[in-house]
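Only a predicted model underlies this, so the values are computations on that prediction, with no experimental measurement involved.
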Amino acid sequence: MKTTTANKVIDYLQITSQEHEEMVFKTFQQWATKFARNDYEFQRILTSTGIDKWFMHEYTRLEQLFCNIIENNPVNNGVDYVYHGCTVEIFQIYPNPLLNFALNIDFRIQLHLPDIKTEHTAIYAN
């Protein structure tokens, strides 16, 4: 059986795979709230496949860092603290293009392109 990073984390933290999944999802939700201004944007971030793949890739990378630290420096107490110290870094990084796409942010604003001006005729009621 192939030992994955998640399996190592589960073993080091002495938790179940379900607890690990819940912990990762809770972190994803907390991370998403950092970038969502309302419930609609929060939902858009959570349901974006691209953001999910990016998040899981980056989170797995941080969990691998945790595993490397534990393997090279065995810790009897405070394993949870080391795990949190490694994985909290996810809150410092974000995929700006994927967030813009998921939230439908107008790229003209990001690129400072001029808006197309339209003329509106005022209509007054008698």
Side-chain angles (χ1 to χ4, degrees):
M1 183 172 133
K2 182 180 176 185
T3 304
T4 64
T5 300
N7 288 341
K8 289 181 183 179
V9 169
I10 289 166
D11 185 47
Y12 291 140
L13 296 178
Q14 298 179 354
I15 58 176
T16 66
S17 59
Q18 183 177 350
E19 289 171 323
H20 178 256
E21 286 179 27
E22 289 172 359
M23 188 169 51
V24 173
F25 186 68
K26 182 179 176 185
T27 303
F28 183 47
Q29 287 179 316
Q30 291 171 340
W31 178 88
T33 60
K34 182 177 178 179
F35 303 103
R37 294 171 293 201
N38 54 49
D39 290 341
Y40 176 75
E41 288 184 356
F42 179 70
Q43 185 177 12
R44 296 278 307 205
I45 292 170
L46 288 182
T47 59
S48 169
T49 305
I51 291 175
D52 181 58
K53 287 180 182 178
W54 175 88
F55 183 89
M56 290 309 299
H57 174 77
E58 292 299 320
Y59 200 81
T60 300
R61 183 181 59 79
L62 295 171
E63 285 188 326
Q64 184 59 51
L65 174 65
F66 162 75
C67 291
N68 292 341
I69 290 171
I70 296 300
E71 289 166 5
N72 294 324
N73 306 300
V75 177
N76 293 334
N77 295 325
V79 175
D80 295 343
Y81 181 75
V82 175
Y83 179 80
H84 178 71
C86 290
T87 57
V88 74
E89 292 299 316
I90 196 71
F91 291 98
Q92 302 303 317
I93 55 178
Y94 56 92
N96 201 36
L98 291 175
L99 284 169
N100 288 343
F101 183 75
L103 301 176
N104 292 326
I105 294 175
D106 190 346
F107 287 101
R108 289 178 293 162
I109 295 170
Q110 297 293 321
L111 299 174
H112 303 292
L113 296 177
D115 290 331
I116 298 172
K117 303 230 181 210
T118 58
E119 291 186 27
H120 297 283
T121 306
I123 300 174
Y124 298 100
N126 291 333

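- Applying the side chain to side chain contact (heavy atoms under 4.5 Å, CB included) criterion to Leu98, with sequence neighbours excluded, gives Ile51, Trp54, Pro95.
- Residues passing the ring pair (Phe, Tyr, Trp, His ring centres under 6.0 Å) test with Tyr94, sequence neighbours excluded: Phe35.
- Residue pairs meeting the salt bridge (Lys or Arg N to Asp or Glu O under 4.0 Å) criterion with at least one member in residues 40-58, sequence neighbours excluded: Arg37-Glu41, Glu58-Arg61.
- For Met23, the side chain to side chain contact (heavy atoms under 4.5 Å, CB included) partners are Leu13, Ile15, His20, Tyr83, not counting sequence neighbours.
- For His84, there are no side-chain hydrogen bond (donor to acceptor under 3.5 Å, both in side chains) partners at least two apart in sequence or on another chain.
- Of all the heavy atoms in Val75 and Val79, the pair that sits closest is O-CG2, 3.6 Å.
- For residues 12-34, there are no salt bridge (Lys or Arg N to Asp or Glu O under 4.0 Å) pairs, not counting sequence neighbours.
- Considering only heavy atoms from C-beta on, Thr87 stays 4.5 Å or farther from Phe66 through its side chain.
- Contacts of Glu89 classified as side chain to side chain contact (heavy atoms under 4.5 Å, CB included), with partners at least two apart in sequence or in another chain: Leu62, Gln92.
- Scored by the side chain to side chain contact (heavy atoms under 4.5 Å, CB included) test, Leu46 finds Phe28, Gln29, Ala32, Phe42 as partners (sequence neighbours excluded).
- The distance from atom CG of Leu103 to atom CD1 of Ile45, rounded to the nearest 0.5 Å, is 4.5 Å.
- Annotation for Asn38: atom CG counts as buried by contact number, over 12 foreign heavy atoms lying within 6.0 Å.
- Summarising the geometry of Ile69 relative to Cys86, their closest heavy-atom pair is CD1-SG, 3.6 Å, with the distance given to 0.1 Å.
- Atom CD1 in Ile93 sits 8.5 Å away from atom CZ in Phe55 (nearest 0.5 Å).
- The stretch residues 63-78 participates, sequence neighbours left out, in these salt bridge (Lys or Arg N to Asp or Glu O under 4.0 Å) pairs: Lys8-Glu71.
- Thr5 meets the side-chain hydrogen bond (donor to acceptor under 3.5 Å, both in side chains) test with Gln64; sequence neighbours excluded.
- A donor-acceptor contact shorter than 3.5 Å links the side chain of Thr33 to the backbone of Gln30.
- Contact between Tyr59 and Ile90 at its shortest, heavy atoms only, is N-CD1, 4.1 Å.
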